[in-house]
Number of protein chains: 2
Amino acid sequence: MLSIVLLGSGNLAQHLANAIYSSDGLELKQVYGRNPKALNSFETFAPITNSISEIVQADIYLLAVTDGNIGHLAAQLPETVGTIVHTSGAVGMDVIGNDKRGVFYPVQTFTKGKPVDFWAIPICIEANTEQSEQHLVKLANGLSNQVYKLGSEQRSQLHLSAVFANNFSNYLFGISEEICRRNNIPFEILRPLILETALKVQTLSPFNAQTGPARRGDTNSIQKHLELITSTTEREIYTLLSNAIKTNHEEEL
Amino acid sequence: MLSIVLLGSGNLAQHLANAIYSSDGLELKQVYGRNPKALNSFETFAPITNSISEIVQADIYLLAVTDGNIGHLAAQLPETVGTIVHTSGAVGMDVIGNDKRGVFYPVQTFTKGKPVDFWAIPICIEANTEQSEQHLVKLANGLSNQVYKLGSEQRSQLHLSAVFANNFSNYLFGISEEICRRNNIPFEILRPLILETALKVQTLSPFNAQTGPARRGDTNSIQKHLELITSTTEREIYTLLSNAIKTNHEEEL
């Protein structure tokens with residue numbers, strides 16, 4: 001049985017604790033966190049502690065903390081036999097200075113209180129020793145059926161790519177909500193379209209799924225849209241993205 | 001029973017024919033199209049014709065043709081008792097010159113061969129007479145349980161908003177696919193994230209769902225990402241969108 005100590009008491013830690021606790025081959029030995037109030041909710045899953053010196057021995061120490069706290073927290077950990085692992089897409093493995101180190105990066109956005117199916121979440125792992133890698137593979141396979149080995153450099157590119165796929169697309173959904181608000185249109189009307197846009201690329205390539213005035217090279221519609229936009233930022237974004245789409249599909253026109 | 005003649009043989013016409021045919025209170029009387037090959041696939045739903053002069057009488061003439069062909073096709077139609085209706089989000093109602101006119105705009109993206117649940121698609125309607133509006137309400141209620149009355153001006157803003165929500169976000173998914181391709185990362189890894197991004201805003205407001213370096217004001221991560229980007233266009237988009245998100249969430253920082 002692979003034993004895990006989870007460090008952190010935020011949103012990701014909550015989802016991880018629940019998933020590890022529910023997995024047959026994994027033992028959640030302890031949860032460490034600094035915030036006593038947030039930590040209490042973990043008592044259903046494992047013994048809790050807010051003291052570094054009370055942390056017990058385990059195969060894996062899973063750090064679900066903000067990027068800036070990873071190195072510092074890892075350095076404070078007592079001498080262990082286990083592997084120290086962070087969960088960040090943006091940070092290299094070597095921000096952890098300990099002998100046995102690794103990364104366990106779940107590529108998903110987690111919402112507080114919204115249950116997720118961990119089995120469907122791709123996990124990217126990296127480790128600096130063979131034994132650590134074996135442990136991480138075991139952990140990842142116990143939680144997900146999509147496990148990928150990815151080095152720090154590839155992972156940082158993946159994280160950049162996730163910013164476009166998630167953060168930036170969500171911001172565009174926000175612009176569409178804002179345009180609706182300004183014109184007294186219920187945002188409800190656009191929600192099924194947003195969902196279908198994401199469902200489409202579950203099987204199609206986004207390049208092939210592209211539609212709209214810019215792909216068709218329909219400058220007349222583009223001009224009409226630009227006249228409808230009242231915000232300078234939105235006009236800049238509309239222009240930049242339309243030109244990029246046009247260039248991308250130029251050969252078809 | 002409300003009778004409908006459908007004009008067009010493309011992707012949207014296919015989905016509409018199927019939905020009208022399957023609806024209890026609606027009668028698909030005829031399908032008109034110029035392309036005989038495309039038109040043949042409609043024979044399971046209704047009698048077909050490729051001759052304008054053979055078009056029969058009906059309550060509604062539903063034009064599922066490209067924006068540029070609406071006015072021309074409507075003008076060619078024989079004198080009818082029915083209402084001439086187009087299905088475009090981008091075009092005003094009055095591009096149709098006939099006495100009884102209207103708009104039936106399904107706010108969704110349709111993929112060839114991919115079945116859709118028409119009941120979940122919001123339909124925006126507009127008409128120039130009370131009787132035409134009643135007919136359109138009947139048609140829309142026979143196909144969907146989300147029906148909205150929207151004037152031409154509001155509809156054009158909705159269409160603009162849909163370009164951000166659908167076309168532009170799909171293009172960002174394409175950038176993330178391209179970054180993956182360049183770095184030998186399977187795009188598979190990002191698909192669950194894309195789906196969850198869209199699922200999140202089915203209940204949350206995109207403004208509240210916003211995450212990422214720009215929302216946190218994490219200039220260090222932003223700088224690192226900019227160094228990873230190898231394409232000028234992608235760098236421009238990254239910078240413009242990050243600055244916009246930062247400005248949008250400034251008060252929280």
Side-chain angles (χ1 to χ4, degrees), chain A residues 90 107-109 111 120-122 124 148 154 156-158 160-177 179-180 183 185 189-202 205-207 209-214 221 225 228-229 233 236-237 240-241 244-245, chain B residues 90 107-109 111 120-122 124 148 154 156-158 160-177 179-180 183 185 189-202 205-207 209-214 221 225 228-229 233 236-237 240-241 244-245:
Chain A
V107 189
Q108 190 49 285
T109 173
T111 309
I121 299 174
C124 298
Y148 300 86
Q154 268 185 310
S156 63
Q157 290 282 354
L158 175 62
L160 166 67
S161 172
V163 166
F164 281 93
N166 167 251
N167 303 160
F168 289 168
S169 62
N170 179 76
Y171 177 67
L172 296 184
F173 301 154
I175 292 182
S176 68
E177 184 186 35
I179 295 172
C180 284
N183 295 281
I185 302 163
I189 301 183
L190 285 171
R191 286 194 157 117
L193 177 66
I194 289 173
L195 188 56
E196 182 64 20
T197 306
L199 283 169
K200 235 174 168 170
V201 297
Q202 297 303 305
S205 150
F207 183 86
Q210 189 67 54
T211 57
S221 291
H225 278 163
L228 290 171
I229 299 178
T233 308
E236 270 176 42
I237 294 169
L240 183 56
L241 293 178
I245 293 171
Chain B
V107 188
Q108 189 50 288
T109 171
T111 309
I121 299 175
C124 297
Y148 299 86
Q154 269 184 310
S156 64
Q157 289 282 353
L158 174 63
L160 167 67
S161 172
V163 166
F164 280 92
N166 167 250
N167 303 160
F168 290 168
S169 62
N170 179 77
Y171 176 66
L172 297 184
F173 301 154
I175 292 182
S176 67
E177 183 186 37
I179 295 173
C180 284
N183 294 281
I185 301 164
I189 301 183
L190 284 171
R191 286 193 158 119
L193 176 67
I194 288 173
L195 187 55
E196 182 64 20
T197 305
L199 283 170
K200 237 175 168 168
V201 298
Q202 297 304 304
S205 148
F207 183 85
Q210 189 65 54
T211 57
S221 291
H225 277 163
L228 290 171
I229 299 178
T233 308
E236 270 175 40
I237 294 169
L240 183 57
L241 293 179
I245 294 171

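Keep in mind that this is a model prediction, so the values were computed, not measured. Lettering of chains follows the sequences in order, A, B, ..., and the numbering in each one begins at 1.
Closest approach of Leu228(A) to Ser156(B), counting heavy atoms only: CD1-O, 3.6 Å. Nearest heavy-atom pair across Val107(B) and Leu193(A) is O-CB, 4.1 Å. Considering all non-hydrogen atoms of both residues, Ala165(B) and Phe173(A) come closest at O-CE2, 3.3 Å. Heavy atoms only, all atoms of each residue included: Glu196(B) and Gln108(A) are closest at CB-OE1, 3.2 Å. Asn167(A) approaches Gly212(B) most closely through the heavy-atom pair OD1-CA, 3.2 Å.
Within the 4.5 Å cutoff, the side chain of Ile121(B) has no heavy atoms near those of the Pro192(A) side chain. Counting heavy atoms from C-beta on, the side chains of Ser169(A) and Ile194(B) never come closer than 4.5 Å. Looking only at side-chain heavy atoms (C-beta outward), Leu158(B) and Leu190(A) come within less than 4.5 Å of each other. Using a 4.5 Å cut-off on side-chain heavy atoms (C-beta onward), Leu241(A) and Phe164(B) make no contact.
Separating the NZ atom in Lys200(B) from the OG1 atom in Thr109(A) is a distance of 2.5 Å, to the nearest 0.5 Å. Atom CD1 of Ile237(A) and atom CD1 of Ile237(B) lie 10.0 Å apart (nearest 0.5 Å).
Contact of Ala162(A) with chain B is made through backbone and side chain together, with heavy-atom distances under 4.5 Å. Interface residue Leu240(A): only side-chain heavy atoms are found under 4.5 Å from chain B. Contact of Ile189(A) with chain B is made through backbone and side chain together, with heavy-atom distances under 4.5 Å.
Checking each of Ile185(A), Ile175(A), Leu172(A), Ile179(A) against Ser161(B) for a side chain to side chain contact (heavy atoms under 4.5 Å, CB included) leaves exactly one that passes, namely Ile179(A).
Side-chain contact annotation: Thr197(A) with Asn166(B), donor-acceptor N/O pair under 3.5 Å present.
Looking only at heavy-atom pairs under 4.5 Å with chain A, the residue among Phe168(B), Phe207(B), Tyr148(B) that has the most is Phe168(B). Annotation: maximal heavy-atom pairing with chain A below 4.5 Å, among Ser205(B), Ala90(B), Gly174(B), occurs at Ser205(B). When the candidates Ala120(B), Cys124(B), Cys180(B), Pro206(B) are compared by the number of heavy-atom contacts under 4.5 Å with chain A, Pro206(B) comes out ahead.
Checking side-chain atoms of Asn183(B) against main-chain N and O of Gln157(A) turns up no donor-acceptor pair under 3.5 Å.
Shown here are the side-chain hydrogen bond (donor to acceptor under 3.5 Å, both in side chains) partners of Thr233(B), two or more places apart in sequence or in another chain: there are none.
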